[in-house]
Every structure is written in C-alpha cells, then in structure tokens.
Amino acid sequence: MQIIQTVLALALTLGILVTLHEYGHFWVARRFGVKVLRFSVGFGKPMFSWYDRHGTEFAIAAIPLGGYVKMLDEREGPVPEELKDQAFTSKPPSQRIAIAAAGPIANFIFAIFAYWLLSVVGVTSVAPIVGDVSPGSVAERAGLQQGMEIHAIDGRRVTSWRDVNMRLLERAGEHGQVTVEVSRDGSRGTVDGALNGWRLSDDAPNPLAEFGITPWRPAVPAVLGQVAGDGRAATAGLETGDRIVAVEGEPVADWFALVEHIRNAPETTLTLSVERNGEPRSIAVRPASRTLEDGQVIGFVGAGVEAISWPDEVLREVRYGPLAAIPNAVHETWADTRLTLVAIKKMFTGLLSPTNLSGPITIARVAEASVSSGFEDFVRFLAYLSVSLGVLNLLPVPVLDGGHIVYYTIEAIRRKPVSEHVQALGLRIGMALILTLMVFALYNDLMRL
C-alpha cells in the first residue's frame with residue numbers, strides 16, 4: 001500500500017509540473033503559428049490519447065518521468081509545401097527562442113502563483129526559537145544562545161525554520177562572517193561569527209544541526225498517541241493514552257528519553273511502569289530490531305507520541321492581501337531560484353557533495369510525505385520543484401531548453417544556423433551528461449533506501 005501511495009504521489013507531482021512546462025512550449029508555439037503534432041505527458045507508448053480540431057494529439061504515456069511537445073520540423077522529415085510556414089524551423093530565431101524559453105517560464109509562473117496562493121490563504125509556522133546550541137559550533141561562535149528568536153540571516157528576513165534552513169544552505173562551505181538578527185526578552189539586536197568553511201554532511205545534510213542549532217520545542221511527555229495494531233507495543237498490551245513513567249525502574253523524563261531506551265534495547269525485554277487512567281501498572285515489552293542505513297541495529301515497538309500542542313506565543317501567522325501577496329510570491333520564487341543556482345554552483349566547486357543529488361525515488365518519497373502532511377507542504381514542495389525544473393532546463397546544455405536557446409541566439413547573431421555537425425556533437429555530449437546525472441541521481445536514491 002505504501003508503494004502504491006508513493007508511486008501515485010510521484011505521478012501526481014511530475015504530472016502537474018510536466019504538464020505546466022510543456023503547456024508553456026505548446027501555448028507559445030501555437031501563438032506563433034507552429035503546428036503541434038503531439039503533446040505528451042510521460043514517455044513511451046500512449047495509454048490514452050485524443051485529437052483536437054487542429055489535429056494535435058494529446059497523450060498520456062506510461063512512464064511519468066517527463067513529457068514533450070512534438071512540432072512540425074523539417075529536420076525530422078519532409079514537410080509538405082503548404083505546411084512549411086507552420087514548421088518550427090521556418091520561424092525566425094527570436095520566435096524559436098521564445099518557444100524554448102516558454103516551458104521554464106511556465107514553471108516560474110506556477111511557483112509565483114503557488115506562493116501567492118499560500119500568502120493569501122495564510123501560513124502558520126513555529127517561530128525559529130533556539131532551543132540549544134552545540135559547543136564549538138558555528139552557532140556558538142556567532143553568539144546564538146538558548147531562547148533567542150531568529151528574525152534575519154545576513155539581512156534576509158526569516159519567519160520559520162524552513163526559512164532558516166534555506167538561508168544556511170546558501171552559506172554552506174563558505175568562509176567569512178554570518179550575521180544573525182535575534183531577539184530575546186523583548187530586546188533585539190544582531191550577533192555574528194566566522195563560518196570557517198563549515199560543510200554539510202554528504203549523505204543526509206541537516207543545516208540546522210550542522211550549524212549547531214537545536215530548535216526549541218515544548219516538553220513532550222512520554223504519552224502514547226498511536227499504537228500500531230501489528231507492533232510489539234500492541235502485542236504487549238500498551239494502549240493509546242498510556243503514560244510511561246519509568247523503564248526498568250529508571251524514571252523517564254520525556255518522550256525522547258523513552259525512545260532512547262527502546263532504541264538501545266532491540267530484542268531485549270523491558271519492564272515499563274505505566275499510568276493508565278490514573279492507575280499504575282507494569283507492562284513487559286520486547287522491542288523488535290531494525291537495521292538502519294549505516295548498519296546500526298535499533299529497537300522499535302510500533303508506537304507514536306501524542307500530538308504536541310504548541311503555545312500560541314511561539315506561532316507566527318503570515319498572511320497578505322491579494323495585491324500585497326504578489327511581491328511576496330515573487331520574492332519567494334526568487335529565493336528558491338537563488339538557492340537552486342547556489343546549490344548547482346557548490347556541487348561543481350566541491351562545497352556541496354554530489355551525493356545530495358536526488359532522483360525519482362527520493363522525489364517520490366518527498367512527494368508522498370508532502371501530500372500526507374497537508375495542502376501547505378504539498379504546494380510548497382510543488383513550487384520549489386517547479387523552480388528547480390525551470391532553472392535546470394535553462395542551463396546551457398544541449399538537449400535542454402537552455403542549450404536550444406544558445407543555438408538560436410548564436411544563429412540570430414551570425415545570421416546563419418549552427419552547423420549540423422556542431423549540433424550533433426553537442427547533442428551527444430548533452431545526452432551523455434544528462435544520462436550520467438540521471439544514473440548518479442538514481443544511485444543516490446537507491447543508497448538512501
């Protein structure tokens with residue numbers, strides 16, 4: 001069932017973004033009088049197809065990892081004389097540039113719309129209040145302390161931990177100073193410290209943890225909020241609402257202390273002191289074992305914590321009017337664009353590990369998680385992925401839109417097309433590069449399973 005949900009989430013996510021991207025190409029091509037032969041969402045043999053009054057075939061294919069718009073093109077075969085003026089190749093370079101750029105532009109427009117929608121509806125997030133600072137970390141060097149709320153990093157406003165993560169990602173691997181605007185107990189000021197080339201881990205980067213910040217969170221008592229029907233907790237007789245007060249006679253301070261006890265005792269019987277409806281009782285449970293990616297074996301019992309209730313004073317609601325939301329949406333889209341470009345640059349310069357490159361499996365898992373998390377998370381994920389798709393397609397790599405734009409720009413300047421030999425060579429290089437990146441991304445995905 002989980003696999004089916006993940007596949008459906010991937011299909012939904014890529015289906016939305018690919019359709020928008022290809023529709024950009026399609027819409028502008030139609031406006032310039034280019035005959036579109038096929039609009040396909042997905043690759044491979046069409047599962048469903050239909051034709052419009054212009055003779056364009058619309059298809060949904062079996063492999064939901066992309067899509068394409070096929071236009072009448074003299075490079076792909078003879079074109080009847082009466083249709084030559086509708087061929088893509090008959091159009092001036094300026095129009096071909098516009099058609100090639102329309103796909104990525106459609107992705108940016110969608111991201112702006114998505115962020116505009118979130119801005120108008122309103123978003124409630126947890127304020128980025130520091131819970132703890134790791135000794136010797138960048139955060140400690142910068143002077144961050146427990147209880148400080150972060151308002152800006154390097155002059156750029158932040159209202160949530162997501163914003164903080166994005167700002168820190170941009171500074172990964174750098175030297176120089178980081179400046180943080182903070183407040184505590186009603187007073188506001190700035191602190192700063194040296195980055196000293198701090199880096200993210202290769203496999204599972206966590207900017208906050210590696211910067212040295214643990215977010216503040218309310219006390220989480222060891223109360224069971226969910227008990228899996230087929231787990232060891234249910235088998236032992238534990239129920240939703242049970243409060244665990246001790247393990248093997250040792251008092252349990254909070255949920256995290258309970259988790260630590262269980263993780264450290266795979267296939268070992270533990271005696272839990274439990275309060276149920278105010279009455280004490282003793283329950284023995286034997287945690288099952290699970291092997292993590294790094295080979296570590298931990299225990300788990302199939303139970304989850306009771307939902308956390310956040311105090312109103314740490315919640316921040318951000319909401320804009322319809323007009324005021326427009327510049328905010330543009331700002332959010334530009335922030336995602338900047339982050340994507342910085343990440344690409346840092347991968348090429350070695351400041352960010354290529355193992356962070358993700359493929360369809362990771363995208364599917366994140367998509368499924370964001371769909372499950374709710375409307376806001378899914379829309380944010382779609383917006384960020386749409387921006388990434390737009391940026392990557394504008395890279396000057398043959399076979400991508402950016403590569404075609406480069407060819408057509410050169411043609412406009414030279415007044416003649418780039419030679420077929422050069423285009424064929426660029427096509428082979430571009431295909432080799434894209435396939436290499438796809439294989440590497442897929443390998444990273446498999447290593448994360």
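Keep in mind the model is a prediction, meaning the values are calculated, not measured.
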Can any side-chain N or O of [X] pair as donor or acceptor with the backbone N or O of [Y] at less than 3.5 Å?
X	Y	value
Thr268	Pro266	yes
Gln226	Ala303	no
Arg319	Val121	yes
Asp192	Ala142	no
Trp255	Val223	no

Give the intermediate values and the outcome of side-chain contact (heavy atoms from CB on, under 4.5 Å) for residues Tyr320 and Val120.
CA-CA 5 Å; Tyr320 295 84; Val120 171; 5.7 Å; no
Can you confirm whether more than 12 heavy atoms, excluding those of [X], are under 6.0 Å from its [atom1] atom?
X	atom1	answer
Asn277	CG	no
Arg184	CZ	yes
Phe43	CZ	yes
Arg157	CZ	no

Working to the nearest 0.5 Å, report the span between [atom1] of [X] and [atom2] of [Y].
X	Y	atom1	atom2	result
Tyr115	Thr333	OH	OG1	6.5 Å
Glu260	Ile298	CD	CD1	10.0 Å
Ile60	Phe39	CD1	CZ	10.0 Å
Arg243	Arg276	CZ	CZ	14.0 Å
Met166	Arg156	CE	CZ	8.0 Å
Glu317	Thr159	CD	OG1	11.5 Å

Phe256 six-ring centre to Arg217 NZ/CZ under 6.0 Å and within 45° of normal
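Because its charged atom sits under 6.0 Å from the ring centre and within 45° of the axis, Arg217 does stack over Phe256.
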What are the two closest heavy atoms between [X] and [Y], and how far apart are they?
X	Y	result
Val247	Ile244	CG2-CG2, 4.4 Å
Ser386	Asn107	OG-O, 2.8 Å
Leu238	Val227	O-CG1, 3.9 Å
Ala383	Phe110	N-CE2, 4.3 Å
Glu170	Val342	O-CG1, 3.9 Å
Val28	Ala102	CG2-CB, 3.4 Å

Is there a side-chain contact between [X] and [Y] in this structure, where contact means two heavy atoms from C-beta onward sitting under 4.5 Å apart?
X	Y	result
His151	Ser183	yes
Trp334	Val387	no
Leu394	Ile405	yes
Leu208	Pro215	yes
Leu392	Ile344	yes
Asp401	His21	yes
Ile153	Val164	yes
Met148	Val180	no

May I ask you to decide whether Glu267 forms a salt bridge with Arg232, counting only side-chain N to carboxylate O separations under 4.0 Å?
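Yes, charged N to carboxylate O under 4.0 Å.
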What do the steps show when you test Glu239 against Leu224 for side-chain contact (heavy atoms from CB on, under 4.5 Å), and what is the final call?
CA-CA 7 Å; Glu239 299 178 1; Leu224 303 186; over 6 Å; no
If you apply the rule side-chain contact (heavy atoms from CB on, under 4.5 Å), what do you find for Leu20 with Ile109, and how did you get there?
CA-CA 10 Å; Leu20 288 166; Ile109 291 173; over 6 Å; no
Do the ring centers of Phe26 and Phe58 come within less than 6.0 Å of each other?
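Distance test on ring centres: under 6.0 Å, yes.
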What do the steps show when you test Glu332 against Leu118 for side-chain contact (heavy atoms from CB on, under 4.5 Å), and what is the final call?
CA-CA 11 Å; Glu332 292 281 359; Leu118 290 178; over 6 Å; no
